[in-house]
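Below: one structure, written as structure tokens.
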Number of protein chains: 2
Amino acid sequence: MAFRPGTGATFTKAMATAGVNIRAIAQGSSERQISLMVEREECTKALRAAHAALALSDTQVSIVVLGSLAEAGKSMAGELLKLLAGTGRLAYRGSSPSALTGATAQLPTSLDGLAIDLKVTALASASASVLSNDGIDVASPNLWATASSSVGETLEGVTFAGCGYAQEGEDCLEMLTTHLLEDFNGNRIVIDATEDARVAEHYPRWLTLGAHIVSSNKLATGGPLATYRAAKNARSDANTQWLYECSGPGSGLPVISTLQDMQQTGDRIRRVEGVFSGTVNYVLESVRGGAPFSEAVAAAVAAGYAEPDPRDDLSCLDTQRKMLTLCREIGGMPDLEPEQLLVESLLPDALSGWEPDLASGKSVGEQLAEQLRPHDGAWAERVAAAEAEGGELKLIGRLDVEAGTAQLQLEVVPPTDTLARCEGMQNVIVVHSARYGAAAGGPLVLMGPAAGHELKAMGMFTDVLRLSRTLAEWNIPKIL
Amino acid sequence: MAFRPGTGATFTKAMATAGVNIRAIAQGSSERQISLMVEREECTKALRAAHAALALSDTQVSIVVLGSLAEAGKSMAGELLKLLAGTGRLAYRGSSPSALTGATAQLPTSLDGLAIDLKVTALASASASVLSNDGIDVASPNLWATASSSVGETLEGVTFAGCGYAQEGEDCLEMLTTHLLEDFNGNRIVIDATEDARVAEHYPRWLTLGAHIVSSNKLATGGPLATYRAAKNARSDANTQWLYECSGPGSGLPVISTLQDMQQTGDRIRRVEGVFSGTVNYVLESVRGGAPFSEAVAAAVAAGYAEPDPRDDLSCLDTQRKMLTLCREIGGMPDLEPEQLLVESLLPDALSGWEPDLASGKSVGEQLAEQLRPHDGAWAERVAAAEAEGGELKLIGRLDVEAGTAQLQLEVVPPTDTLARCEGMQNVIVVHSARYGAAAGGPLVLMGPAAGHELKAMGMFTDVLRLSRTLAEWNIPKIL
């Protein structure tokens, strides 16, 4: 059209991604108007989609976040919302995009080079939800206070619902699905920062209805094979995207994306080995430094390194899921079910049936530390024996594509080994492939700290950026 | 339209990216036809763009490759063409996409999950070019033989031109620019695998006319600041993309993309240090192992690790350009010109004016080795002195954002340092940031072999994949 190339393309694409069928189009040669005819019931959606696409200079991306939001700042999803708001491109309630100030402003995030604006259209914690297709002001400190006091009410276009993703009865997930369908904007990303099996089972529906997913939920990628495959198939059929860098080892380290790129560019992965649990590595190093095992576990909980229930770390089930996520990314690796991945638990057999007393007033971590105390001597001996051998006791994961095996167990690692370089809360991932092998001069090594909400939120936001780059319009010059 | 959602969007977007202005549109409510009116002179282009967009189920991406193609298989660009053909999605001369067989088929590349087809529309070596907007069969073993014997002729829609990118007189680069403009397909990627300043100076024009660029040319990113800035500005104005992972250290390692992601997600880079020259590292390790310096250099040339003229490695100018590329990616790092980055040359002062005798019949490497022989004793002493100190002599690059300094010099590295882990032809990159720092439990470490055409071609193809993901249509279900 006159003065603005690509207008017709932007207009018609907005209809396509919003799922609105165009019955007729007319643009006169004055190039000052373009008309579309659509079904009556799609009229409102079409009008709002056209407005969003044409009145705003940038592409709008709707974002739905699921996770432990009630403790914003202390949760990964809370950190992620801070990062989203830090872009200064988060629109809500018809306002211009807002930026956070103060502490967050010290770490401004950026959508530089991307002609997109973000809009959070729904938040769901385990027990409550906030919905608004006009956008939610996630920087508002009163958001959750209002949410819990105003259930069912609608305030400035924002709906507060008294149900969360973890509740069986009222189906919050069905409500979110309907909400996604009603969004006139076709560019939608669901961010799943939960560790919830039912949320993972909803992926196929969301991907099929045209939403993209960014997830850290290890039950989607490293749980039952059927759950993983259902989402992968839905993604292919619907031509949507699913990114999950943070489901594997390494938090924000680019592990899964690098493995995918290597294989798409023709490399073959042969072996992957590494330290995939920062928490266990921290505990074992503390014991090596003289701390009793039980106290090292308590310290890891106190420092926020371990899960609230540290049995999830010590049983290695969490790390097993990370490894399964890796396995499924590697061509030639058998499609393993969780029970096929051999795992050595760090929980003594005597505690296999133990359950914490939730009424005792003590945290699970404190109670577990008491139970572990009788085993401190055995752990000290085991760590000392490794040192006497001239090595270091570490929890090592190994995937071997040629042998078709995957295991996670305690090993004595010689100090010259790259795996021994992994200190404290770090993870290290060593990849041997056709290109990165002995002939080429060594494997590919990725190493870095891998714990805490901040690094994980950074990893998830990186996935959001990757996805947004594919949703932005390229090569059509912007007229500002 | 009937039976196929998104048709109007695909049609009108094809016009927008091809640069064709739509004067009028009409689609009747039968949903069986859609008509566009365009200027007469844009008619052919519009027709072919519409055909490519609508008749083929996948998005077409045109690719232009510049580099040392005459030695396909022995050059990075040759390796890259093998990888492109290995996808089985390379269309030419109206044929279906072709796959390579034999050796290449052992390493199949993949465009899985991407609804795109590739088409090589131009190849240019330093001295010859092949052009065809119908696509070139890069797997044809006779391509270059035909090219040199059939200059000026047109064979099955393919034009052979007797000029290459490095020639001053006949302007091959102007010819390529015109060729890019005439391409009816708006999705165009120029792959620059040269190390040529004039090619780098053409980036602004190509980016402005709507082409995207994937480059390894260090003169574009690590040469004069003005060249780099001109391309960056053109990219922003035209809303096109420029990726250059292989211009920095680490060949195929995801260094630049990781630094960009970290900063876009709100991290601040404080320091980067590492071993950025695999060739120099290999030579110093050989001397440590007992080899004379001159022989180690000759061995590096013979093994294909060093540049054909190893002075480019020993003078450290090549590594300086990689470091400048890194500097310019790091927010808060001053905009350094090449002369502001302190570099220690490994070429003896006595050889600063030396030039090889090109008529002697001996290679530059052999001649240089002879010149270096008198200095073998001094190098052996220097390496031994480092060992006597309990360390290892390594060429270390350091960028310090807070101090505003950048330098590349020989240092004695203690064996406990991560930098000392870097063996043979490897590179290691250690990144200290606000998130990856002492508080978080250590820096981010990327390490791996970083030499040879294969790893670099893999890195460039990874950039092509990243770019292609942004050109593919998402969220509009494919009807096959």
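Order of the sequence lines sets the chain letters (A, B, ...), proteins ahead of strands, with each chain counted from 1. What you see is a predicted model, and the numbers here were worked out from it, not measured in a lab.
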Subject >> A:L207 portion near chain B, given a 4.5 angstrom heavy-atom threshold >> reply: neither

Original post:
Taking the side chain as C-beta and beyond, is there a heavy-atom pair between B:M447 and A:M447 under 4.5 Å?
Top reply: no

**OP:** Quick one: pull up CG in A:N239 and CG in B:L114 and give me the separation to the nearest 0.5 Å.
**Re:** 9.0 Å

Original post:
Roughly how far apart are B:Q263 CD and A:T109 OG1, rounded to 0.5 Å?
Top reply: 12.5 Å

Original post:
Side chain, backbone, both or neither: which part of A:M458 has a non-hydrogen atom closer than 4.5 Å to chain B?
Top reply: both

**OP:** Using non-hydrogen atoms and a 4.5 Å limit, figure out which bit of A:E473 sits close to chain B: side chain, backbone, both or neither.
**Re:** both

Original post:
Would you call A:R469 and B:R469 a side-chain contact if the rule is heavy atoms closer than 4.5 Å?
Top reply: no

Original post:
Does any non-hydrogen side-chain atom of B:L446 lie less than 4.5 Å from one of A:L446?
Top reply: yes

**OP:** Keeping the roles fixed (side chain from B:Q264, backbone from A:L465), state whether a donor-acceptor pair exists under 3.5 Å.
**Re:** no

**OP:** Please flag which part of B:L111 lies under 4.5 Å from any non-hydrogen atom of chain A: side chain, backbone, both or neither.
**Re:** backbone

Subject >> Any B:L455 side-chain heavy atom under 4.5 Å of A:Y436 side chain >> reply: yes

**OP:** Under 4.5 Å heavy-atom distance to chain B, tell me which part of A:S236 shows up: side chain, backbone, both or neither.
**Re:** neither

Subject >> Side chain to side chain, A:I34 and B:I25, heavy atoms closer than 4.5 Å >> reply: yes

Subject >> Considering all heavy atoms, the nearest A:P449-B:P443 contact >> reply: CD-O, 3.5 Å

Original post:
B:E423 side chain to A:G441 main-chain N or O, any donor-acceptor pair under 3.5 Å?
Top reply: no

Subject >> Which atom of A:T258 lies closest to which atom of B:P254, heavy atoms considered >> reply: OG1-CG, 3.5 Å

Original post:
Which heavy-atom pair separates B:T265 from A:L83 by the least distance, and what is that distance?
Top reply: O-CD2, 3.6 Å

Original post:
How far apart are the closest heavy atoms of B:I22 and A:Q27, and which atoms are they?
Top reply: O-NE2, 3.0 Å

Subject >> Winner by heavy-atom pair count (cut-off under 4.5 Å) against chain B, out of A:S110, A:G252, A:G424 >> reply: A:S110

Original post:
Which of the residues B:L467, B:V428, B:V430, B:T416 is involved in the greatest number of heavy-atom pairs with chain A at under 4.5 angstrom?
Top reply: B:T416

**OP:** Sort A:S257 into side chain, backbone, both or neither according to what part of it lies under 4.5 angstrom from a heavy atom of chain B.
**Re:** neither

**OP:** Would you name the heavy atoms of B:R466 and A:D261 that are closest together and state the gap between them?
**Re:** NH2-OD2, 3.7 Å

Original post:
Which pair of heavy atoms, one from B:P415 and one from A:R421, lies closest together, and at what distance?
Top reply: O-NH1, 4.3 Å

Original post:
So how far is it from B:Q241 CD to A:W474 CH2, rounded to the nearest 0.5 Å?
Top reply: 4.0 Å

Original post:
What option among B:G186, B:A472, B:G442 has the most heavy-atom pairs under 4.5 Å with chain A?
Top reply: B:G442

